[in-house]
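Here the structure is laid out as structure tokens; the discussion comes afterwards.
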2 protein chains.
Amino acid sequence: MEPFAGDQALPGGFLNNAGEDILDAAQRELREEADLDPSRLHLEQLGTYGAPGRDPRGRVVSVAYLAIAPGLPEPVAGTDAAGASWVLADDVLAGCVKVAFDHRRIVADGVERARRKLEHTSLATAFCGETFTISELQQVYEAVWGVHLDPRNFYRKVQKVSGFILPAGGERKTTGGRPARLFRAGPRAVLHPPLVRPEPPSDDEGDR
Amino acid sequence: MEPFAGDQALPGGFLNNAGEDILDAAQRELREEADLDPSRLHLEQLGTYGAPGRDPRGRVVSVAYLAIAPGLPEPVAGTDAAGASWVLADDVLAGCVKVAFDHRRIVADGVERARRKLEHTSLATAFCGETFTISELQQVYEAVWGVHLDPRNFYRKVQKVSGFILPAGGERKTTGGRPARLFRAGPRAVLHPPLVRPEPPSDDEGDR
DNA sequence: CGAATAGTGTCTCTTAGACAATATTTA
DNA sequence: TAAATATTGTCTAAGAGACACTATTCG
């Protein structure tokens, strides 16, 4: 019996024998298994998972990476990514989509990492293209945090954080409304002050 | 020639063959090499370092852990920790103390992790004993952040974060001053709102 | 008493959040 | 014109930081 046969799984593989860096290995696997161009996305180490028994076939220690990019393509049949597909993180976390090994925990850790980093870094711009509107940036925050934000307050707040976003000149048409000014990511990666995420409903005591 | 002979190095070792968890291995090494009791300290995974050539003797991938605890003892001669010693992180970062391999980077990452987590988690209480005074807690923030904080504002601010610290009853004598009330860690691990660290002097653009 | 540390009050300035109002586009 | 989205204004309440002041202990 293969315990996880048919389940979704994160792309991954083994370090090669040439002594490659683990980041290089992550980029290679992303290209090989998902046909994605690593030069066009943000990739950061998430954590390492090495509990005994996490892979029933034997001892495996996995270094997980979190990738973030805008407008990722659907997998194309006939390519290396033919077997790949996109799955909503919420479906994985809710259990609607079964995933192999401890990959549900890895996804949970990745989502939590993204949520936290949106607060005190400019990571949100990695979800956007070269230029973007403030409304698009807001949608990133709303999607990742799972909250609704006031567009008017967001508009100014995000511009007040020095070095976060810069006017890029030009506008972008929207669906039946005033065109929005374009911005691009600024030089500052850590935000002062942070964009504090609204208090979660009122569930006491966070994780330990 | 041994390139790092005589340099300080972080305690560490290899996973054993019994398929132990990497956290267990970290705890075991801490006990074996530093004679510390893992049950009495906070231990969290920091990151994994696998650049080729980081160990000139061969390919080594290291999973680093960050440990935090109050009142750690000096190494005692004649024990397993006889060869160990404490070194100030600042001395390592400033280069006053040479360290082996890429351990300087690991220390830098660990310090940065602690600085960040002090903002949005109750990690600071892990530096304190079971009970502590607010002044002691403030010293943790000042030491880790490398800043000076106003004791009066800190006193109230830290108490206003619900669930962060709780009155423990009783007092502790101080050196020639009014005794301080004792507190203990509260149930909340993630702080809302966060204790935002004061803006660093004015060095533009943080790390990327 | 004076020095030292703990704890409280209060003031000012900034910011967060709510929401009215205006601007610019498509249908 | 109506609907939709973008951008600006303004008000209010809460929070941050500065700092005077009171409380309690030791020498």
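It should be emphasised that the depicted structure is a prediction, and the values quoted were computed from it without experimental measurement. Each chain gets a letter, A, B and so on, in the order the sequences are listed, and its residues count up from 1.
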For this session: Decide yes or no, distance alone: a donor-acceptor N/O pair under 3.5 angstrom between the base of C:dA20 and the side-chain of A:Arg152.
Result: yes
Problem set entry | Candidate nucleotides C:dA23, C:dT5, C:dG7, ranked by approach to the side chain of A:Arg178 - the nearest | C:dA23
Exercise. Going by an N to O cut-off under 4.0 Å, is there a salt bridge joining A:Arg197 and A:Glu112?
Worked result: yes
Exercise. What pair of heavy atoms forms the shortest contact from B:Arg188 to B:His192, and how long is it?
Worked result: NH1-CB, 4.0 Å
Exercise. Which atom names give the shortest non-hydrogen contact between B:His42 and B:Leu123, and what distance separates them?
Worked result: NE2-CD1, 3.7 Å
Seminar exercise, completed: Rounded to whole Å, CG of B:Asp150 lies from P of C:dC11 at a distance of 17 Å
For this session: Could you tell me the separation between the CZ atom of A:Phe154 and the C1' atom of C:dA16, rounded to a whole number of Å?
Result: 14 Å
For this session: Report the residue (B:Glu171 or A:Leu182) whose heavy-atom-nearest nucleotide on DNA chain D is the more 5′ of the two.
Result: A:Leu182
Exercise. Is A:Arg156 side chain donor-acceptor paired with the C:dG17 base, going by distance under 3.5 Å alone?
Worked result: no
Problem set entry | chain A footprint on DNA chain D, 5' to 3' - any atom under 4.0 Å from a heavy atom | D:dA4 to D:dT10
Seminar exercise, completed: From CZ of B:Arg172 across to C1' of C:dA4 the rounded distance in Å is 18 Å
Exercise. Please give, in whole Å, the distance from C:dG7 P to B:Lys160 NZ?
Worked result: 17 Å
Problem set entry | Nearest-0.5 Å distance, CD1 of residue B:Ile134 to OH of residue B:Tyr155 | 4.5 Å
Problem set entry | Atom-pair distance (CD on B:Glu136; P on C:dT5), nearest Å | 13 Å
For this session: Under 4.0 Å between any heavy atoms, over every strand shown, what does A:Thr133 touch: base, sugar-phosphate, or nothing? Just pick one.
Result: nothing
Seminar exercise, completed: Sorted by position of nearest nucleotide on DNA chain C, 5' first, the leading residue of A:Pro194 and A:Thr175 is A:Pro194
For this session: Indicate the atoms forming the closest heavy-atom contact of B:Leu41 with B:Ala67, along with that distance.
Result: CD1-CB, 4.3 Å
For this session: Using atom CG of B:Asn153 as one end and atom P of C:dC11 as the other, report the distance to the nearest whole Å.
Result: 15 Å
Problem set entry | Nearest-angstrom distance from the residue atom CD of B:Glu199 to C1' of C:dT15 | 15 Å
Exercise. Just how far, in rounded Å, is P of C:dA27 from NZ of A:Lys173?
Worked result: 11 Å
Exercise. Can a salt bridge be assigned to the pair A:Asp102 and A:Arg105 using a cut-off of 4.0 Å between side-chain N and carboxylate O?
Worked result: no
Seminar exercise, completed: Assert: residue with more 5' nearest nucleotide on DNA chain D, out of B:Val196 and A:Gly176, is A:Gly176
Exercise. Are A:Arg28 and A:Asp24 ion-paired here, with the side-chain N under 4.0 Å from a carboxylate O?
Worked result: no
